Amino acid sequence: MHLRITLFNLLLFFLLVSCKSENIGPNGPDDDDKNGNTDEYNFVCEIKSEEDGYKTYPLGPDNVPVGDVMPYYDTVSGTFYIHYLFDVWNDNTNVRHPWYGFGTDDYVNFTELPAGELIGTSSNACDQDYAIGTGSVIEKDGTYYAFYTGHNPTSPSNCINTKEGVMLATSTSLSNAFNKRSDFKTLFAPINLPFDHNDNFRDPYVYLNTESKKYSMIVSARKNHNGEWRGVIAHFVSEDLMNWNYEGVLFDGGDTNYFMMETPELFKLGEVYYLLYSDTGSRHVHYRKSSSINGPWEKPEGEERFAGVGIYAAKSTSDGIKRYLSAWTHRKQGESDFGDPLWGGNLITHEIYQTTNGDLALKIPESINSHYSSNELQIKSYEVEGSVEVIDTLEHSYNLSANNDGFASIAFRPIDNERYQINTSLTFTSGSEEFGLILGGCDAENEFYSLRFLPDKGMVSLEIKNRENIDDSVAPYNDVPLELDPNTSYEVKVIIENSMVVVYVDDKIALSSRVYKAMGNLWGIYSENGSVFIENIKVSTP
Ligand SMILES: *[C@@H]1O[C@H](CO)[C@@H](O)[C@H](O)[C@H]1NC(C)=O
Ligand SMILES: *[C@@H]1O[C@H](CO)[C@@H](O)[C@H](O)[C@H]1NC(C)=O
Ligand SMILES: *[C@@H]1O[C@H](CO)[C@@H](O)[C@H](O)[C@H]1NC(C)=O
Ligand SMILES: *[C@@H]1O[C@H](CO)[C@@H](O)[C@H](O)[C@H]1NC(C)=O
Ligand SMILES: *[C@@H]1O[C@H](CO)[C@@H](O)[C@H](O)[C@H]1NC(C)=O
């Protein structure tokens, strides 16, 4: 590790030394670091192995990852039930994505539903539900109807040629196993219309249609629609949840030809209806708005997404006060940040809400925020690069001036904790090209992951390449659009639990990513070709 000694390092040294007497953090005296430190500290940059024991972003029993979620709020018990696809695919249990579930009151404490498997798969390779996929639960007369995807990966074979159909299981309890209903006729795409009849008919979402006073079911499908094949959201109607009639295409993607709009969901906030779906191509969650439950569906005023790739197959539920959007953040092959993304991961939940223009935005659930604010940890700097002005040592406020094509940064010592929150506020000056946070750092200059704020692009992105290799012509590791204006304070919160890294900016967007290297390495702040004022950096734990 090399440390560039500049005039500003020396300045920082004197500032830290001169503040020594009042430099007392909540954990006692801050006998700081290389820039005026007294304690020995040996940092070895390495990639730690993945930990278990996730709490805020849980895995299933035996650390089995969580797949597509089906959240449901039970008004009677005040419990959020999050049924999900248990990510087991034909292992020694010979099952393929059975439904399991969590219960939670607050999205901080989760309980595995003790029944374990709620809807299982068939062992007969000729059955439609040889494997199962996602769906949704609705209550009617004290019975919970769980509509799910019957998926047969062996199709077409000599005994089955429908890869997907919609099936039903019912239960009188959200925590117990559901009974498969053989009296329910498996629903397929209408045979007389140009749908894909062999595949791509899945992810039913069922709701009471307040306009027709009947039940509606929307299903992800593919259809030759107005002369071209495209992903569509097909609409079915029922009076009794048992017999369904095709009603038409609820949404065909409009000016976007999606291959598939997966896991659709429809909900209302205020006077606006929202149609949410996951794009198989970009792996992003998109949405459309309407003043009617039956459409037509319009693009939002702003961006059509509020998150990156880490919330696939997202669905929401509400306790009548707040609405929570849950999904999974993928793991990566070989537990490597450079591995391919895998299906399934940790359960993640954001609060989703309506902004003044009727668009949707995300923020940290208040329960998680307050849970992560209990104990403040001491922050110790490790390495400083370029022109760094200490504005307030105690509050950890800094001015990074990297004008004239410069670079300035501070890397802090690793945080030795399984889960913690970093929060701070950033204000940049007009003309700044890039600034942000250092994660998974080996040094403060080049070898770190960059949480990049890019005002010219209107993007917040996470890049895992070393600084010298960042190439803006290729897609970043993860990103989310956000308009960034100079002279404006942006509040940034990062919740880290082992390799789950979840970023919130200004109660508007969220970026959840798998970052194995975040554990136990340097973190900090940087600026390139511009100036940023970084105010009040705090690290706290539950
Ligand atoms: C989680 O649940 C436990 C046991 O019910 C309780 O003691 C604890 O206070 C809960 N924690 C939070 C943050 O709600
Ligand atoms: C931070 O640096 C910028 C640019 O050098 C300067 O305009 C601003 O006044 C500084 N802020 C503080 C609080 O010193
Ligand atoms: C900073 O300026 C240098 C030199 O003009 C340029 O090569 C680099 O791409 C700039 N960095 C950013 C983040 O814009
Ligand atoms: C950091 O979080 C704590 C607890 O939520 C809050 O009191 C504080 O104001 C936050 N600071 C910043 C700079 O956002
Ligand atoms: C930002 O603030 C500075 C100093 O107050 C001012 O000179 C500048 O015009 C402001 N820029 C914008 C874009 O508002």
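When a ligand or atom number is given, it counts from 1 through the structure's own listing order. Each residue takes its place number in the sequence, starting with 1. Remember, it's a predicted structure, so these values are computed and weren't measured experimentally.
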- Please determine if Arg413 forms a cation-pi arrangement with Phe43, meaning its NZ or CZ atom is less than 6.0 Å from the six-membered ring centre and no more than 45° off the ring axis. no

- List the closest protein heavy-atom neighbour of atom 13 (C) of ligand 3: residue, atom name, distance to the nearest 0.1 Å. Glu434 OE1, 3.1 Å

- Starting from atom 14 (O) of ligand 3, which protein heavy atom do you reach first, and at what distance in Å? Glu433 OE1, 2.9 Å

- Query: Hey, which atoms in ligand 3 end up nearer than 4.0 Å to a heavy atom of Glu528?
  - Reply: 1 (C), 8 (C), 10 (C), 11 (N), 12 (C), 13 (C)

- Item | Audit row: Glu265, Ser316, side chain to side chain contact (heavy atoms under 4.5 Å, CB included) steps and yes/no | CA-CA 8 Å; Glu265 186 199 0; Ser316 72; 2.9 Å; yes

- Query: Is there a side-chain hydrogen bond (donor to acceptor under 3.5 Å, both in side chains) between Ser512 and Tyr504 once you walk through the steps?
  - Reply: CA-CA 9 Å; Ser512 63; Tyr504 294 94; over 6 Å; no

- Taking atom 7 (O) of ligand 3 as the reference point, report whether a protein heavy atom occurs under 4.0 Å from it. no

- With a cut-off of 6.0 Å (strictly less than), are more than 12 heavy atoms of other residues, nucleotides or ligands near CG of Asp456? yes

- Check the pair Lys299 / Arg288 against side chain to side chain contact (heavy atoms under 4.5 Å, CB included), numbers first and verdict last. CA-CA 5 Å; Lys299 280 193 173 159; Arg288 296 291 184 264; 3.4 Å; yes

- Task: Can you pull out the closest protein heavy atom to atom 2 (O) of ligand 3? Residue, atom name and distance to 0.1 Å, please.
- Result: Asn529 ND2, 2.3 Å

